[in-house]
Amino acid sequence: MPVIPEFKISSIPLVGPIRFARDPLRFLRRGFDECGDTFKIRLFREFVVTRDPAFFRHVLQQHHKNFKKGNSVKMLRPVLGNGLVISDGDFWLRQRRLVQPAFHRERLHDLFITMGELTATFLGELEAFRGKAAIDVDAKMMGITSDIALKTLFGNMNTEDKEQIYQQVSRTQTYLVTRVRKPYRLPLMAINGEDRRFQSDLAYFNSLVYDFIRKRRLSGETPNDLLQLLLDSKDEDTGEQMNDEQIRDEAITMFAAGHETSATGLSWLLWELSAQPEVVARIRAESAVFDTVPGFEQLMQMPYTRQVVEEGLRLYPPAWTMTRESTVDQEIEGYAISKGTSVFMSIFELHRNPNLWNNPSAFEPENFQAETVKNRAKFNYLPFGAGPRICIGQQFALMEMQLVLAAIVKRFDFVREPGYSVGMHPQIVLKSTNGIKLKVV
Ligand code: HEM
């Protein structure tokens with residue numbers, strides 16, 4: 001049986017992890033350049049790293065029962081509890097069945113109306129920055145997508161709570177990523193206040209969400225939001241419902257999984273479009289079908305804008321990686337994978353794999369013309385994962401991104417400042433190194 005090539009960095013123990021923490025994308029690219037589409041690497045523990053679509057298919061679909069999320073998501077457990085992103089096995093399956101109806105097509109139609117209203121208000125707010133200094137586009141996109149996520153999840157929430165949540169989520173992400181990538185900083189974090197800050201952020205967040213659930217149960221009202229769907233959903237076989245803790249876990253999971261991903265995808269798109277006047281012109285031509293924001297049916301009349309969104313998610317996949325742990329000894333693509341092995345699937349590298357894409361690092365919406373898509377193997381493009389654990393919010397996110405992008409591009413131009421470079425730095429999602437800063441004109 002062939003042996004998986006090893007990407008050896010240095011015989012000095014901490015050099016690999018430090019280089020990885022400094023620039024994960026460059027580090028992994030070197031591994032692929034030296035070893036091919038699959039290699040193993042030791043970073044505190046051993047990983048098999050891949051950008052081979054056959055590996056993705058094996059792990060996510062064909063033999064998904066031989067894998068669990070395991071260690072890779074443990075770091076998120078304090079925040080996401082036992083929600084869908086974290087859970088495994090029978091518990092996951094039961095929860096998935098309970099949550100899935102929230103994302104049915106008719107439901108999305110209702111949620112789309114809320115998205116449109118919030119986007120229209122957001123456009124008005126963006127006017128204040130027209131012609132002024134460059135703005136932090138990522139912060140603005142986080143603003144609109146967290147407004148959308150909070151409103152579609154919890155109905156109304158006051159501005160002060162919203163701002164608190166927004167700040168805490170960014171802080172918490174930095175904290176969690178630091179713990180995993182730089183474990184040598186743990187002792188320092190215990191005494192410099194970072195651990196305490198995290199605990200108090202979490203306590204505030206929990207009390208806010210539990211308070212929401214309790215008030216909703218007491219109010220007797222049944223508004224049209226995702227929280228209500230979670231409260232009402234029943235297991236078809238047993239009639240069982242979720243308790244407050246499960247509802248908290250699923251609601252926070254949806255918020256966490258759902259808003260920063262879309263925001264980051266939108267920010268990268270605006271960055272890319274600021275250098276693509278022809279693409280902008282074509283989006284604008286399609287935007288003639290609506291005035292301020294597109295309606296549900298109008299989205300279908302804007303296929304090119306949809307292609308642009310899909311190409312953005314190829315070149316800058318917000319969820320840049322997925323990890324699984326093998327629960328049995330097995331063979332993948334001829335390689336022996338033993339029980340307990342962690343498989344690190346780089347979506348970022350899959351989407352830029354030179355063996356699969358012509359011109360992998362160029363922004364080309366033509367990659368998503370119907371004919372081209374039909375002729376491409378499904379597992380070459382996976383911004384939302386695949387198999388039974390495919391993103392539950394995929395349609396929600398695509399609709400949201402197409403809506404917000406079309407509405408913004410119709411009304412505003414975005415201009416880069418000379419010499420400014422963004423750089424890519426993946427945290428849990430694929431962020432930029434220096435922030436995405438653009439002038440609104
Ligand atoms: C552009 C936006 C988004 C991207 C790129 C994205 C990407 C992904 C990916 C790659 C996975 C699979 C992870 C894995 O298999 O390890 C996933 C799972 C998930 N996503 Fe998304 N997502 C997005 C938006 C959303 C939204 C809007 C929601 C909810 C409102 C959401 C909720 C979830 C949940 C709950 C899971 C776990 C599903 C399960 O394991 O059963 N995501 N997402």
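Position 1 is the first residue of the sequence; numbering continues from there. As the structure lists them, so they are numbered: ligands from 1, and atoms in each ligand from 1.
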Looking at ligand 1, does F255 have a heavy atom less than 4.0 Å from it?
no
For K69 and ligand 1, does the shortest N/O to N/O distance drop below 3.5 Å?
yes
Modelled atom types, side-chain donor and acceptor of E310 and Y381, under 3.5 Å
no
Ligand 1 and T253, any nitrogen or oxygen pair closer than 3.5 angstrom?
no
Relative to F348, does R51 satisfy both conditions: NZ or CZ under 6.0 angstrom from the six-membered ring centre, and within 45 degrees of the ring's axis?
no
Backbone N/O of T174 and side chain of T178: donor-acceptor pair under 3.5 Å
yes
Which protein heavy atom lies closest to atom 34 (C) of ligand 1, and at what distance to 0.1 Å?
I392 CG2, 3.8 Å
Quick one: nearest non-hydrogen protein atom to atom 12 (C) of ligand 1, plus distance?
R389 O, 3.9 Å
Taking atom 26 (C) of ligand 1 as the reference point, the nearest protein heavy atom with its distance
G258 CA, 3.3 Å
Tell me, which protein residue and heavy-atom name are nearest atom 7 (C) of ligand 1, and how many Å apart are they?
P383 O, 3.5 Å
Which label fits F255 and F205: parallel for a plane angle under 30°, tilted from 30 to 60°, or perpendicular past 60°?
tilted
Take every heavy atom of Q95, measure it against each atom of ligand 1, and state whether any distance is under 4.0 Å.
no
With a 4.0 Å heavy-atom cut-off (strictly under), which part of E400 contacts ligand 1: side chain, backbone, both or neither?
neither
Donor-acceptor pair, distance only, cut-off 3.5 Å: does the side chain of R314 make one with the backbone of P360?
yes
Please report which non-hydrogen protein atom sits nearest to atom 22 (N) of ligand 1, along with the residue it belongs to and the distance in Å to one decimal place.
C391 SG, 3.1 Å
Taking the six-membered ring for Trp, are F198 and Y175 parallel (under 30°), tilted (30 to 60°) or perpendicular (over 60°)?
parallel
Looking only at protein heavy atoms, what sits closest to atom 36 (C) of ligand 1 is V85 CG2, 3.7 Å
Exactly one of F7, F39, F27 should register a ring pair (Phe, Tyr, Trp, His ring centres under 6.0 Å) with F32. Which one does?
F39
Numbered atoms of ligand 1 (with element) below 4.0 Å of A319, judged on heavy atoms
7 (C), 10 (C)
Does F396 approach ligand 1 within less than 4.0 angstrom via side chain, backbone, both or neither, non-hydrogen atoms only?
side chain
Nearest-contact summary for atom 24 (C) of ligand 1 - protein heavy atom, Å
T261 OG1, 3.6 Å
